[in-house]
K.L.:
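After the C-alpha cells below, expect a handful of questions from me.
Residue numbers start at 1 and run along the sequence shown.
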Amino acid sequence: YTLSLHDALPISCGYAFNSGFSMLKEILEKSIVESEIIVKLLVGSLQKYRACIEAQDRQLTGIDKKTVQLLQTYLKYENFSLYTCEQRFYHGKIFLLEGLERTIICLGSSNISRSAFVSNYELNMAFDVRNNSDIYLNFYKWIDQLFFSSVQLNNLDISVFSDNEINVEGATVIRKLSLSSVQHRIDEIS
C-alpha cells in the first residue's frame, strides 16, 4: 500500500456520524461521486468490527446504522475506501486537502459529528504547506504508515450496529443502581 501523493483526500478520526457527514456532504460528494479524487477514510470506532462479525453475538457501539448505510453508499465507488486500526484505538483527527502546489493539513480534536462541528469546544489547526516541503513529505510518510498499518473494510454488515447515534463525545451521566433498588422496583411493579 502506498498513498498517492496527488488526487487523494485522506481523512481520519476516532468517531464518525451521519450528522457530521451531512455537514461535509458537498465536499465528500464532489470528491467521491463527481471526481476521481481518492478518498481514504479511517474511523477508530470500527476497531472491533471484524471481531463482532466473528463473535456473531455482539453489537458495535460508537457508530450507528444510519452512518453505516451512508458509508455503504460511498463504498460502492472505486475511489472511496474505509479503514480502521485493529491493534490500538485510533483517536486522532486528520483532514488533508491537497492542491497542485500546496496542501492544507488540518489536525485537531474534531470527530466527524454535528456536535464536534457546532457545539463542542474543539481545537483544530490548519497548516498550509508547499507540496515539496519537509513538513509535507514527513506528514505524508506518517499518514502513509497509518493507513498501511490499518485494515481495509470493504463491506459493513448493518446488523452489527445500533439504531441510534450515541453521543460519545459529550459528558453523559449514567446513574448506577444497587441490586436492592432494582429488587425494590421489581417488587413495586409486580
K.L.:
Are Met125 and Leu96 in one and the same hydrophobic cluster, where Ile, Leu, Val, Met, Phe, Trp and Tyr link if side-chain heavy atoms are under 4.5 Å apart?
P.N.:
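Yes; Leu96 is reachable from Met125 via cluster members.
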K.L.:
Please report the shortest heavy-atom distance between Lys93 and Ser110, naming the atom on each side.
P.N.:
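Smallest interatomic distance, heavy atoms only, reads CG-O, 2.9 Å.
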K.L.:
For the pair Lys30 and Glu26, find out whether any cationic side-chain nitrogen is under 4.0 Å from an anionic carboxylate oxygen.
P.N.:
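Result for this pair is yes, salt bridge flagged.
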K.L.:
Donor-acceptor pair, Ser133 side chain versus Val129 backbone, under 3.5 Å?
P.N.:
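Not at all, since once roles are kept as given, no pair shorter than 3.5 Å links the two residues.
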K.L.:
Should the pair Tyr74 and Phe21 be assigned to parallel (<30°), tilted (30 to 60°) or perpendicular (>60°) ring geometry?
P.N.:
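Plane angle over 60°, so perpendicular.
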K.L.:
Using 30° and 60° as the class limits, which term best fits the ring planes of Tyr15 and Phe89: parallel, tilted or perpendicular?
P.N.:
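Answer is tilted, since the angle falls between 30° and 60°.
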K.L.:
Shortest non-hydrogen contact from Val160 to Cys52?
P.N.:
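Looking at all heavy atoms of both residues, the closest pair is CG1-CB, 3.6 Å.
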K.L.:
Between the main-chain N or O of Ile63 and the side-chain N or O of Thr67, is there a donor-acceptor pair closer than 3.5 Å?
P.N.:
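No, the answer is negative, given that no donor and acceptor are paired below the 3.5 Å cut-off.
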K.L.:
Check the pair Asn131 / Thr103 against side-chain contact (heavy atoms from CB on, under 4.5 Å), numbers first and verdict last.
P.N.:
CA-CA 6 Å; Asn131 287 359; Thr103 294; 2.6 Å; yes
K.L.:
Taking Asn79 for its side chain and Ile37 for its backbone only, find out whether a donor-acceptor pair lies under 3.5 Å.
P.N.:
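Yes, because the side chain of Asn79 sits within donor-acceptor range (under 3.5 Å) of the backbone of Ile37.
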K.L.:
So does Glu101 pair up with Arg130, basic N to acidic O under 4.0 Å?
P.N.:
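Not counted as a salt bridge, because no side-chain N and carboxylate O are separated by less than 4.0 Å.
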K.L.:
side-chain contact (heavy atoms from CB on, under 4.5 Å) for Asp157 and Tyr49? Distances and angles first, verdict last.
P.N.:
CA-CA 9 Å; Asp157 180 350; Tyr49 171 73; 3.5 Å; yes
K.L.:
Parallel, tilted or perpendicular: which describes the rings of Tyr90 and Trp142, with under 30° parallel and over 60° perpendicular?
P.N.:
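The rings of Tyr90 and Trp142 sit tilted, inter-plane angle from 30° to 60°.
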K.L.:
Determine the minimum heavy-atom distance between Ser149 and Gln87, stating which atoms define it.
P.N.:
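That would be O-OE1, 3.4 Å.
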